Amino acid sequence: CIVSGIFQSIVNAHGNKTEGTIKIATRDVDECGKNRSRKAYDNNDEVKANPSCPPPPEFKEMTLLKFTKSNGEALGSLNWFAVHATNFGQKNKLITGDNKGYAEELFEKDKGVISAFANSCCGDISPNVDLGIPDGIHDFKRATDFGKTQYDKAVWLFNNANEELSGSIDFRQAYIDMSNCAISETYTTSGKDERTWPAALGLGMTSGSSEDSVGFNVWAEGTTRDSVEHDPELIRKVLGQMLPGLFGLACPAMEQEYIEGHAEKPILAPLGLIKIFGAPVAPSILPLQLIRLGSLIIIAHPGEMTTMAGRRMRKTILDILGGDGVQHAVVATYA
């Protein structure tokens with residue numbers, strides 16, 4: 001159903017092609033999500049290097065594209081802004097578009113055009129910081145408040161988008177084995193070359209998120225190997241007994257190199273090693289994409305990036321392509 005719907009949407013769009021323009025506008029959105037991991041954020045080299053004036057802990061910029069026919073008639077809009085859509089919590093039993101879905105609905109009713117409120121590098125940005133975990137009572141008001149904030153800014157950008165995108169259209173796509181990427185010594189704390197490893201869940205994930213959800217009160221968020229007695233081989237044996245019976249999956253042995261590669265995280269489940277139909281439960285080979293619309297680069301990333309990781313990626317792309325007429329870059333996550 002989903003694949004067919006996406007396919008038919010593309011067919012319909014292709015059939016409705018028309019001459020027109022794309023205009024771009026950017027602006028910060030205030031009071032629409034806060035950094036939920038300040039201790040981790042403050043550990044970034046960029047923050048440590050400039051303690052008197054560190055880079056802000058939130059990625060506040062909204063970038064909007066406005067699509068218009070040659071006769072001036074507006075066709076639609078697409079914007080990116082980084083905030084988790086988690087105002088509705090675990091007690092909600094219905095499908096919801098959350099704050100972004102509400103913003104989208106307001107915009108389409110107001111402007112009479114198709115609109116998309118997409119996400120960006122929101123890995124450490126939650127709408128529930130200082131408000132408490134969603135309780136099933138205040139969720140709707142929070143979602144509409146945060147949605148209205150995004151809607152208001154998108155309307156302003158839509159009404160004031162004057163910079164027209166022009167130039168070539170292009171793309172690049174590559175499939176990368178994210179479980180075995182080299183990391184130069186320049187970027188490691190060990191001072192030597194390192195690599196990435198197949199995915200693993202840590203003990204800390206069982207507690208949920210202190211802003212967005214309630215988990216099991218066994219291990220706390222941020223649990224490290226030196227703060228808990230941890231035997232990954234024992235856990236593997238327990239999983240090895242449970243998984244085949246429950247799901248028909250096998251849990252292979254974890255090499256010491258793999259365990260050390262995930263330090264300081266104590267491993268709960270090596271999802272990148274557990275396979276179903278010959279493929280890992282957590283996929284390792286993922287598509288990375290760059291899409292160029294004239295002076296704009298869309299960085300399509302198939303994961304959830306944090307504020308600082310998104311900043312670094314955007315800067316890297318602009319440093320490389322900025323001399324070729326590229327002036328803007330957005331990080332399109334979950335893509």
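Just so it is clear, the model here is predicted, and its values are computed rather than measured.
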Any side-chain heavy-atom pair of [X] and [Y] under 4.5 Å:
X      : Y      : answer
Leu157 : Asn79  : no
Leu290 : Ile299 : yes
Cys181 : Ile176 : yes
Trp80  : Ile298 : yes
Leu296 : Ile22  : no
Lys23  : Thr68  : no
Tyr41  : Pro55  : yes
Thr96  : Asp139 : no

[X]: what forms a side chain to side chain contact (heavy atoms under 4.5 Å, CB included) with it, not counting sequence neighbours?
X      : answer
Leu286 : Met178, Pro283, Pro302
Glu58  : Lys34, Asn35, Lys60, Ile125
Asp212 : Arg36, Thr86, Ser126, Asn128, Ser209

Task: From CD1 (Ile114) to CD (Glu104), nearest 0.5 Å - done: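 Nearest 0.5 Å value for the CD1-CD distance: 10.0 Å.
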Task: Distance in Å, Thr21 OG1 paired with Leu75 CG, rounded so as to fall on 0.5 Å steps - done: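 So the OG1 of Thr21 and the CG of Leu75 are separated by 9.0 Å.
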Side chain to side chain donor-acceptor pair (under 3.5 Å) involving [X] - partner list, sequence neighbours excluded:
X      : answer
Ser9   : none
Asn119 : none
Lys100 : Gln150
Asp170 : Arg172

Is there a chain of hydrophobic side chains (I, L, V, M, F, W, Y, each step under 4.5 Å between heavy atoms) that links [X] to [Y]?
X      : Y      : result
Leu293 : Leu321 : no
Leu65  : Ile169 : yes
Tyr102 : Met62  : yes
Met313 : Ile297 : yes

Task: Closest non-hydrogen atom pair, Ile267 against Ile259 - done: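 In terms of heavy atoms, the two residues are closest at CD1-CA, 4.0 Å.
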- [ ] Give a yes or no on this: more than 12 heavy atoms of other residues, nucleotides or ligands lie within 6.0 Å of atom NZ of Lys111.
- [x]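 Atom NZ in Lys111 is crowded, with more than 12 foreign heavy atoms closer than 6.0 Å.
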TODO: Please check if atom CG in Asn12 has more than 12 non-hydrogen atoms from other residues, nucleotides or ligands closer than 6.0 Å.
DONE: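 Yes, enclosed.
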TODO: Please name all residues satisfying ring-ring contact (aromatic ring centres under 6.0 Å, His included) with Tyr258, sequence neighbours left out, ordered by chain then number.
DONE: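 Expected list: His262.
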TODO: Can you sort out the partners of Phe67 under ring-ring contact (aromatic ring centres under 6.0 Å, His included), two or more places apart, ordered by chain and number?
DONE: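 Phe67: no ring-ring contact (aromatic ring centres under 6.0 Å, His included) contacts found.
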TODO: Would you check, one step at a time, whether the test side chain to side chain donor-acceptor pair (under 3.5 Å) holds for Asp124 with Thr306?
DONE: CA-CA 5 Å; Asp124 50 356; Thr306 61; 4.8 Å; no
TODO: Hey, could you give me each pair passing ring pair (Phe, Tyr, Trp, His ring centres under 6.0 Å) that has a residue in residues 298-335? Not counting sequence neighbours.
DONE: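 Applying ring pair (Phe, Tyr, Trp, His ring centres under 6.0 Å) to every pair that reaches into residues 298-335, excluding sequence neighbours, yields nothing.
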Task: Pairs flagged by ring pair (Phe, Tyr, Trp, His ring centres under 6.0 Å) wherever residues 126-163 is involved - sequence neighbours left out - done: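 Sorted result for residues 126-163: Phe107-Phe158.
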- [ ] Could you note down all residue pairs passing side chain to side chain donor-acceptor pair (under 3.5 Å) where residues 312-322 supplies at least one of them, sequence neighbours left out?
- [x]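 Listed by first then second residue: Asn44-Arg312, Glu46-Arg312, Glu61-Arg314, Lys315-Asp319.
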